[in-house]
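Just below is one structure, and these are the notes that go with it.
Note on naming: letters A, B, ... go to the chains in the order of the sequence lines (proteins, then strands), and numbering restarts at 1 for each one.
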Amino acid sequence: MSIYDRLNEPQRKAVFTTEGPVLILAGAGSGKTSVITHRIAHLIDDCGINSYNILAITFTNKAAKEMRERVDSLVGYGADAAWIMTFHSACVRILRRYIDRLGYGNNFSIYDTDDQKSVMKDVCKRLEVDTKIYKEKALLSQISAAKDELLKPDDLYQSASGNYNKMRVAEVYREYQEQLKKNNAVDFDDIINLTVELFEKDSEVLDYYQERFKYIMVDEYQDTNTAQFRLIYLLARKSGNLCVVGDDDQSIYKFRGANIMNILNFEQYFKDVSVIKLEQNYRSTQNILDAANSVIRNNTGRKDKSLWTAAVGGSKIFFNIYENGYQEAEGIAADINERISEGFGYNDCAVLYRTNAQSRALEERFLQYNIPYRIYGGINFYARKEIKDILAYLKTVDNAGDDLSVRRILNVPKRGIGTTSMDRIQGYAYDREISFYEALKAAKEIPSIGKAAAKAAPFVELIEGLRAKTGESSVKELIVEVIERTGYIDYLEDNDSPEVVEERRQNIDELISKAVSYEQSVDEPALSGFLEEVALVADIDSLDENNNTVSLMTLHSAKGLEFPVVYMAGMEDGLFPSYMSLSSGDISDLEEERRLCYVGITRAKERLVLSAARMRMIRGETQMNRASRFTDEIPKEYIASSVQSGSGRALRKDDYFSLPPRKPGQIAFKSFQKEAALSGIFDKKELAAEAGGPGYGEGDRVKHMKFGEGTVRDIKTGGRDYEVTVEFDTAGVKKMFASFAKLTKI
DNA sequence: GCCATTTCCCTTTTT
DNA sequence: GGGAAATGGC
């Protein structure tokens, strides 16, 4: 009896094919984590490979942790030296050792999204960029997109070929990058890109890691972007022993730069690839799997595969339509209570939604129904003000070159150093090409800041005092000292209501316990190590299956997880699939949403409940949407409507299937429609629109919000929506869904 | 320099 | 509808 007996034939092949490039196409619930962990065990136990030579890459810390635990339990203690970690933590580890070769200090800071925004704001001010026209966020996302593709500012500049806007973005990118370097800081993308740069520039370092990592495995391979692919390619090039595991049907991170070609073209990038398909699903019942398959079937250009399960039948899928989002939340809460009375635990249930904002209504009802829950995602714990403040103190102690952190806390709590003094200190620093903190130390020399100079001295003393203690004090002690010496709690009490203060105190306590558990879990705890861990965690990493709470999260966060009972809330066109994907004019955006739907459905083991609301308040506007087109793609025989026990009336599915398609030109949603509907105006307008037919026809000139003006070339009336083909004057030919494109006749 | 009010932007998803 | 940032008065 061996540990491999429980594997099926393809799984075994995946485990035992250790040499050369291997592509494992692993459908949802096909036991891919088992395969990777057993493969590592096989390498160590049977092939005599030193665990030191193994690298296994995941996307989330949670996946890494789980994999580490499973490997350890399979191999005992022989697996210690293997690297089982996320892309980001592996790269940070490499950079901590070698980033000085790129001109950074090894104690670099890691900037999160908020930090990036602050830097960008500064950059725009310096370059006199009008942030009304070029939004910081938009600039950052363009830069991030460039980084995903390994493009440098110069590359961007050249590819602009004279286009003023693009050249401007390239300039901003260059300045942004310089500022980061000046602060001795890197952003999330840099973590990957600088590692690639290091490998490409320094053959000594590359050799070292190529020699070390003779066996490389990559999980969730379909989500890798160009930079990550390059990284893996560089590392694996020498040994050729690269095993990637992925599922093109679960690729849902195109917006983050994931390049689906990495998986579709893997066999072109590497020679003599062994391709192994894992198609047996061990997770869901037949009904759930059939529904998932019938949805994903509508996508084009997939790798051919078909999931099957030995678990026949199972209960039908439920689909409930409610009047509004509140009733939907109530219906879900009521359904959960019924499950609990049947013997399910709260932790067996998860509610999945498309956008974080949807959690609010659910949260309210769950409180009302006394359902214990936990929301994952949304505002990151480490993005909270009080946490960021304290971390900024620690970062300043750790890396005084991090101007951003110093500036954040110089006047928090208030020290009477306002924006004017702050700007003057900054100016002084620029002139002398020194850091903000160094300028602060020399505050007496700055003539223009007057009294503020004296106020800066105690701050500098505080930081220096803390720095002197980093060797002997624990991270916990440092945090406590920051709080006590700054009077941080008093500061909170002066500014916030008692409830908010209490909440912030609890968060600070949680930070302290995180520091303690960090110090217990690491061999050589250090301040920089703690800051690094803190920068790279995602909320979902803290999901603990043993907590008896219902999990609420986005569909994206749910990838890789499974639950006996899954609710998919907000199944409405415009919400899921998102409005953006419907109006972009790019069918592949819709296909990504469909994959997301597939991911959601395949999370469910036993019971899947879909729901939609006729009316929903989004951003203070009431929207009225038809049910999601994805629900149409599930054959009726798999669907039932559950009995409604709450106050909301669940409609029969036929009610919804007979909804009329929206006509071209008809406005999808506007806040005034709610009032108009109440006064009856709306109804008349809608009738008028329907009687009058499409608001435009073939040959008409129309205007689109994003693409400008164009001519309608074709209108297809097939199906429930209208597919309009428009030839735009500047943007080219686009196909789009009439109900969402908001085309107006001109 | 500080505080209150107004304005803005947001919401697609995140390591 | 809500939270953060900008603005303007003191």
Side-chain angles (χ1 to χ4, degrees), chain A residues 57-64 85-92 110-114 116-118 121 131-132 135-138 141 144 147-148 186-192 220 223-225 227-228 251-258 325 352-361 376-380 382-385 411 414-423 449-452 455 494-495 500 535-541 553-560 570 574-584 589-590 592-593 595-597 599-600 616-623 671:
Chain A
I57 297 273
T58 63
F59 271 81
T60 66
N61 295 297
K62 184 181 189 309
M85 47 181 94
T86 65
F87 267 108
H88 289 85
S89 27
C91 287
V92 166
I110 299 167
Y111 278 3
D112 67 13
T113 326
D114 282 348
Q116 286 180 285
K117 245 177 158 172
S118 308
K121 219 175 189 177
T131 50
K132 287 255 154 37
K135 302 258 182 334
E136 286 98 339
K137 247 184 99 178
S141 75
S144 178
K147 286 184 176 181
D148 287 340
V186 303
D187 65 21
F188 283 124
D189 299 319
D190 286 343
I191 291 172
I192 311 294
E220 304 282 11
D223 290 330
T224 51
N225 64 28
Q228 288 159 338
S251 163
I252 55 174
Y253 282 110
K254 193 177 107 180
F255 74 94
R256 210 169 68 188
L352 312 182
Y353 36 77
R354 181 64 179 81
T355 66
N356 281 306
Q358 287 167 259
S359 64
R360 176 154 269 152
Y376 297 90
I379 313 152
N380 189 327
Y382 294 102
R384 287 164 212 266
K385 179 197 145 48
N411 204 30
K414 299 251 181 312
R415 295 188 176 85
I417 306 172
T419 40
T420 317
S421 304
M422 209 92 100
D423 287 348
I449 60 170
K451 281 179 285 181
K455 294 172 184 163
D494 290 344
N495 288 282
V500 174
L536 296 178
V537 294
D539 207 13
I540 197 72
D541 295 332
M553 67 184 83
T554 61
L555 288 149
H556 281 88
S557 297
K559 194 168 63 135
L575 188 58
F576 186 39
S578 75
Y579 170 73
M580 300 287 259
S581 67
L582 290 167
S583 61
S584 77
D589 286 342
L590 179 64
E592 176 142 318
E593 298 277 313
R595 291 193 291 271
L596 193 54
C597 184
V599 166
R616 186 184 296 277
M617 179 88 94
I618 296 176
R619 269 191 285 160
E621 286 187 4
T622 300
Q623 303 189 352
S671 57

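The side chain of A/N411 has B/dC2 as its nearest neighbour among B/dC2, B/dT15, B/dG1. Listed nucleotides: B/dC9, B/dT11, B/dT15. Nearest to the side chain of A/H88: B/dT15.
For A/K385, the side chain to side chain contact (heavy atoms under 4.5 Å, CB included) partners at least two apart in sequence or on another chain are A/D389, A/R408, A/V412, A/Y488, A/Y491, A/R504. In terms of the side chain to side chain contact (heavy atoms under 4.5 Å, CB included) criterion, residue partners of A/D541 (sequence neighbours excluded) are, by chain and number, A/T60, A/N61, A/K62, A/V537, A/A538. The side chain to side chain contact (heavy atoms under 4.5 Å, CB included) search around A/A227 returns A/L150, A/I192, A/N193, A/N225, not counting sequence neighbours. Take A/D589 and apply the salt bridge (Lys or Arg N to Asp or Glu O under 4.0 Å) test, not counting sequence neighbours, and it matches A/K254. For A/R415, the side chain to side chain donor-acceptor pair (under 3.5 Å) test picks out A/Y393, with sequence neighbours left out.
In this pair, A/F255 does not lay its aromatic ring on the base of B/dT14; centres under 5.5 Å and planes under 30 degrees do not both hold.
The residue among A/T554 and A/M422 whose nearest nucleotide of DNA chain B is located toward the 5' end is A/M422.
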Sequence-aligned protein contact record of nucleotides 3-10 of chain C, with B where the base is within under 4.0 Å of a protein heavy atom and S where only the sugar-phosphate is | ---S----

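As judged by a 4.0 angstrom heavy-atom cut-off over every strand, A/D223 is placed among residues making no nucleic acid contact. A/F188 comes within 4.0 angstrom of a nucleotide base, judged by non-hydrogen atoms across all strands. Among the heavy atoms of the strands, none lies under 4.0 Å from A/T113.
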